[in-house]
Novice: 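Starting off with a structure, shown below.
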Amino acid sequence: MSTDYDPETIELAAQKHWDDARSFEVSEDAGKDKFYCLTMFPYPSGKLHMGHVRVFTINDVIARYHRLQGKHVLQPMGWDAFGMPAENAAIQRGIPPAKWTYSNIEDMRRQLKRLGYAYDWTREVTTCRPEYYRWEQWLFTRMFRKGLVYRKNSIVNWDPVDQTVLANEQVIDGRGWRSDAIVERREIPQWFMKITDYAEELLNELDRMPGWPDSVKTMQRNWIGRSEGVELSFDVAGETEPLTVYTTRPDTLMGVTYMAVAAEHPLASKAAANDAKVAAFVEACKKTDAQEATLETMEKKGMPLGISAIHPLTGEEVPLWVANFVLMSYGTGAVMAVPGHDARDWEFAKKHGLPIKQVVAPADGSEIDINAAVYLDRGVLVNSGDYDGMDFDGAFNAIADHFEKSGRGRRKVNYRLRDWGISRQRYWGTPIPIIYCDDCGAVTVPEDQLPVILPEDVQVKGTGSPLKDMPEFVDVPCPKCSKPARRETDTFDTFVESSWYFARYACPDNDTAMLDDRAAYWTPVDQYTGGIEHAILHLLYSRFFQRVMRDEGLTDVSEPFTNLLTQGMVLKDGAKMSKAKGNTVDPQELILKFGADTVRLFMMFAAPPEQSLEWSDEGVQGSFRFLKRFWSTVVDHAAGGPVESLDMSVLNDAQKDLRRKTHQTIAKISDDIGRRHSFNTAVAASMELLNAINKLVDDSLAGRAVQRESLEAVVIMLSPIVPHICHALWQQLGHTSALIDQRWPVVDESALEIDRIEMVVQVNGKLRGRLLVAVDAPKQVIEDLAIADENVQRFIDGKNIRKVIVVPGRLVNIVV
RNA sequence: GCCGGGAUGGCGGAACUGGUAGACGCGCCGGACUCAAAAUCCGGUUUUGGAAACAAAGUGGGGGUUCGAUUCCCCCUCCCGGCACCA
């Protein structure tokens with residue numbers, strides 16, 4: 001009596017069981033081995049997309065696997081609810097961002113529940129709720145007190161038509177997305193967090209994070225970009241202030257033939273005042289957006305300022321230029337140019353006919369033509385007066401000493417990392433808890449007046465924040481002197497919310513403290529899963545925030561995420577799924593047609609988690625077909641009734657083979673899921689085992705017992721991936737206790753034993769034959785057998801055997 | 001431009017530490033069942049030659065190390081992610 005596989009019925013039944021039993025709600029239990037398993041929380045954009053399904057399924061598989069291992073597992077879910085799309089929706093459809101966001105959350109929560117993820121929903125966190133963001137406002141005021149936040153001018157994309165600041169994403173080919181106007185750079189005052197104070201620690205700790213992928217650690221190292229160099233100053237003719245520059249190549253100092261400053265540099269402004277051409281150039285430089293990729297790929301342009309700098313060693317005059325590739329916000333806004341030994345300087349010198357001087361020669365004494373090609377390697381100094389003949393280190397130290405003695409420079413460690421600008425000129429975000437008073441300046445909102453609540457009933461028009469037009473929000477007394485003052489209308493970068501939510505899941509209901517001892521129990525996150533696109537910004541900001549919370553005494557933990565898994569994107573027809581490209585697949589429709597288990601199975605089977613996944617409708621069919629076969633195999637077997645307990649001494653060869661395959665598969669899947677996170681090969685191994693079970697046609701007591709052992713193992717091992725069908729099949733197999741409370745199967749080493757093994761015979765590395773030999777056969781016997789092989793003889797006949805390589809248990813290679 | 005990844009049959013992928021290239025699945029071809037179709041089941045499937053045994057070629061391109069390279073090294077091409085205000 002084989003009932004058909006009916007995904008909807010069995011999935012809803014399994015979900016009801018988990019709900020009724022509150023299977024995934026966890027409390028803090030010091031006696032248990034905790035495992036905190038987390039995904040990057042979603043932005044509530046409206047509907048779940050395949051990228052969500054992929055990352056959540058990966059994490060759910062890991063969470064369920066660890067639960068079966070006996071761990072006390074926390075897997076929470078929440079919403080990264082502030083952000084631009086809510087404002088865009090408000091502009092387009094006239095719905096307030098809050099209403100749009102909360103309704104999206106409702107829809108997406110329902111979809112997540114239908115996919116059967118093992119979440120503790122009692123801990124749900126929503127970042128646009130005051131009970132969440134009040135603590136981030138509170139921490140900001142503590143950071144303000146410590147001097148970890150400050151205000152300075154910085155550059156934004158300015159749309160001169162819409163009169164508004166644009167996000168990088170809203171700049172398309174240098175133009176505003178709505179106005180189509182050419183975007184300009186504009187400086188405005190903004191709040192910054194001093195992440196650079198933690199640069200050294202953030203960098204050094206990467207060496208002690210074995211649970212993170214090397215690629216992510218390398219990207220973070222390069223992003224922080226620690227360099228050792230020298231800061232030195234050039235006098236400028238006719239100026240009292242010297243021009244300070246930083247270089248990692250002081251050994252090339254004698255090769256400086258010009259210098260360059262940014263368009264916003266005071267010396268450029270000064271020259272522009274006297275020279276209309278320079279003024280026009282400086283203006284033109286500002287007519288570009290503020291993205292680094294734009295600056296690095298655009299044509300390098302410059303113009304002489306008619307001002308000279310004085311070379312600090314030779315006293316010679318070098319011309320000062322203004323150049324579009326020098327940025328005011330990087331370093332000092334000025335660079336020394338060594339065209340002989342810097343690629344960008346070399347190209348710029350070639351283009352503008354500036355002199356190129358060789359001051360470093362190859363250490364091996366070979367000749368180079370500096371006018372034909374730039375020389376970047378470290379070598380031996382030439383044309384450098386007293387420094388001639390020195391190597392890189394010798395010259396670095398001699399020149400650094402010279403400047404330190406004369407007080408005109410110093411050795412300096414520099415970081416590429418810049419402080420984190422957190423001000424956004426947008427409405428839908430956490431209000432920055434600052435009040436501006438004419439007398440007291442910028443004052444933080446006192447703790448007893450927090451949270452500063454964002455008004456939710458607003459009209460968003462798309463030209464600046466609606467908060468500016470709300471006197472009831474803006475007009476407040478100064479907390480210090482009580483005089484009339486103005487509230488800050490900028491909001492936090494949404495990365496601030498996502499930099500600490502992982503800790504708040506431990507204690508989302510605490511209204512007297514940001515974190516408590518429940519956070520001490522659960523943090524750090526043991527397994528964190530999310531997109532590779534977050535490899536730098538989100539993960540670095542979170543590492544920074546964790547340390548800020550530590551230094552505030554809120555936690556002892558320094559690193560928030562012990563193990564990191566970065567998953568690839570979901571593609572269709574080779575491109576990322578997106579509405580714009582029209583290549584999306586709606587998870588909802590698939591769940592309706594095939595059930596959640598089929599969708600989960602395909603996601604795990606189609607590609608390893610780190611790689612991008614190519615969507616295939618046929619592949620989904622295949623996954624569904626497998627589940628149907630899985631269902632009927634177990635149901636048909638269970639129809640034969642209960643089985644006797646297994647007596648291993650009476651097994652025949654075929655039964656032994658299946659039992660060996662079963663335990664080999666248990667070992668493989670345990671390793672694939674537990675260590676390698678190689679879910680696709682775990683699924684493949686389950687399929688192989690199921691094929692082997694179906695091949696053993698054997699109704700004897702022993703045969704059924706071996707099959708039963710094998711089927712129970714597959715049902716448990718597949719349950720992290722396809723939990724609903726496994727829940728139902730476990731009941732079919734006659735169990736009264738729920739599968740979710742079982743333990744992972746254990747390998748029986750005795751089942752793995754073998755006495756003979758197949759070895760490959762190669763001649764000159766090419767496969768020529770196979771041998772079946774005893775496991776413990778001595779080397780000489782294997783060698784003789786290999787040489788005696790009929791096909792092998794054809795290839796070694798009449799030739800000289802130079803060497804025979806025996807790799808135990810694998811192969812023999814005969815070199816002739 | 002800079003930083004990080006990737007490229008293997010018709011397709012998704014496997015080969016974990018330098019040791020049998022193509023596991024598992026999809027698709028396709030053939031067969032069984034059926035009046036027929038779908039579903040299901042069985043067999044085949046890298047390419048070329050061959051009835052087969054077997055042989056030759058083969059992991060983006062070029063070079064190198066090695067008895068042996070998808071795997072290590074050098075150079076190149078293309079694709080993807082990030083580049084600080086998308087999240």
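All chains are named by letter (A, B, ...) in the order of the sequence lines, taking the proteins before the strands, and each is independently numbered beginning at 1.
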Novice: Using a heavy-atom cut-off of under 4.0 Å over every strand shown, decide if A:Lys668 touches base, sugar-phosphate, or nothing.
Specialist: base
Novice: Applying salt bridge (Lys or Arg N to Asp or Glu O under 4.0 Å) to A:Asp671 and A:Lys668, what does each step give before you reach the verdict?
Specialist: CA-CA 5 Å; A:Asp671 188 50; A:Lys668 174 161 176 60; over 6 Å; no
Novice: Quick one: pull up CZ in A:Phe82 and OG1 in A:Thr127 and give me the separation to the nearest 0.5 Å.
Specialist: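 It comes to 6.0 Å.
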Novice: State plainly whether the residues A:Lys194 and A:Asp419 are in salt-bridge range, i.e. N to O under 4.0 Å.
Specialist: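 So A:Lys194 does not pair with A:Asp419 through a salt bridge.
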Novice: Between A:Tyr132 and A:Trp500, how do the two ring planes meet: parallel, tilted or perpendicular, split at 30° and 60°?
Specialist: parallel
Novice: Classify every nucleotide of nucleotides 18-32 of chain B by which part a protein heavy atom approaches to under 4.0 Å, writing B for the base, S for the sugar-phosphate alone and - for neither, in 5'-to-3' order.
Specialist: -BB--BBSSS-----
Novice: Tell me which one of A:Val156, A:Asn157, A:Leu295 satisfies side chain to side chain contact (heavy atoms under 4.5 Å, CB included) with A:Arg185.
Specialist: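 With A:Arg185 as partner, side chain to side chain contact (heavy atoms under 4.5 Å, CB included) holds for just one option, A:Leu295.
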Novice: Between B:rA14, B:rU40, B:rG5, spot the one nearest the side chain of A:Lys628, thanks.
Specialist: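 Per side-chain heavy atoms of A:Lys628, the pick is B:rU40.
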Novice: B:rA53 phosphate, OP1 or OP2: any side-chain N/O from A:Arg768 under 4.0 angstrom?
Specialist: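 Negative; the distance criterion is not met.
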Novice: Heavy atoms under 4.0 Å, any strand shown: does A:Phe192 hit a base, just sugar-phosphate, or nothing?
Specialist: nothing
Novice: Closest nucleotide of RNA chain B for A:Arg794 versus for A:Ala607: which of these residues is on the 5' side?
Specialist: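 Comparing both residues, the 5'-ward one is A:Ala607.
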Novice: For A:Lys300 and B:rC2, give me the distance from atom NZ to atom C1', rounded to whole Å.
Specialist: 10 Å
Novice: Please determine whether any donor N or O and acceptor N or O are separated by less than 3.5 Å between the side chain of A:Arg802 and the base of B:rC67.
Specialist: no
Novice: Could you write nucleotides 78-87 of chain B as a row of B, S and -, 5' to 3', where a protein heavy atom under 4.0 Å of any base atom gives B, of only sugar-phosphate atoms gives S, and otherwise -?
Specialist: --SBSBBBBB
Novice: Please classify the glycosidic conformation of B:rG9 as syn (within 90° of 0) or anti (everything else).
Specialist: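 Classified syn.
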Novice: Taking side-chain contact (heavy atoms from CB on, under 4.5 Å) as the test, write out the residues that go with A:Gln793, two or more places apart.
Specialist: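 With sequence neighbours excluded, A:Gln793 shows a side-chain contact (heavy atoms from CB on, under 4.5 Å) to A:Ile787, A:Ile796, given in chain and number order.
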Novice: Any side-chain donor-acceptor pair under 3.5 Å between A:Asp159 and A:Thr164?
Specialist: no
Novice: Checking A:Phe544 now: which residues fulfil ring-ring contact (aromatic ring centres under 6.0 Å, His included) with it, not counting sequence neighbours?
Specialist: A:Tyr198
Novice: Quick check on B:rG68: is either OP1 or OP2 less than 4.0 Å from any side-chain nitrogen or oxygen of A:Asn764?
Specialist: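 Negative; the distance criterion is not met.
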Novice: Only counting residues at least two apart or in another chain, list the ones meeting side-chain contact (heavy atoms from CB on, under 4.5 Å) with A:Ser612.
Specialist: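 Listed in chain order: A:Leu571.
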Novice: Dot-bracket, 5' to 3', for RNA chain B please: Watson-Crick or G-U pairs under 3.5 Å, [ ] where pairs cross earlier ones, | where the partner sits on another strand, dots elsewhere.
Specialist: (((((((..(((......[....)))((((((.......))))))((((....))))..(((((..]....))))))))))))....
Novice: Can you label the angle between the A:Tyr5 ring and the A:Phe624 ring as parallel, tilted or perpendicular, going by 30° and 60°?
Specialist: tilted
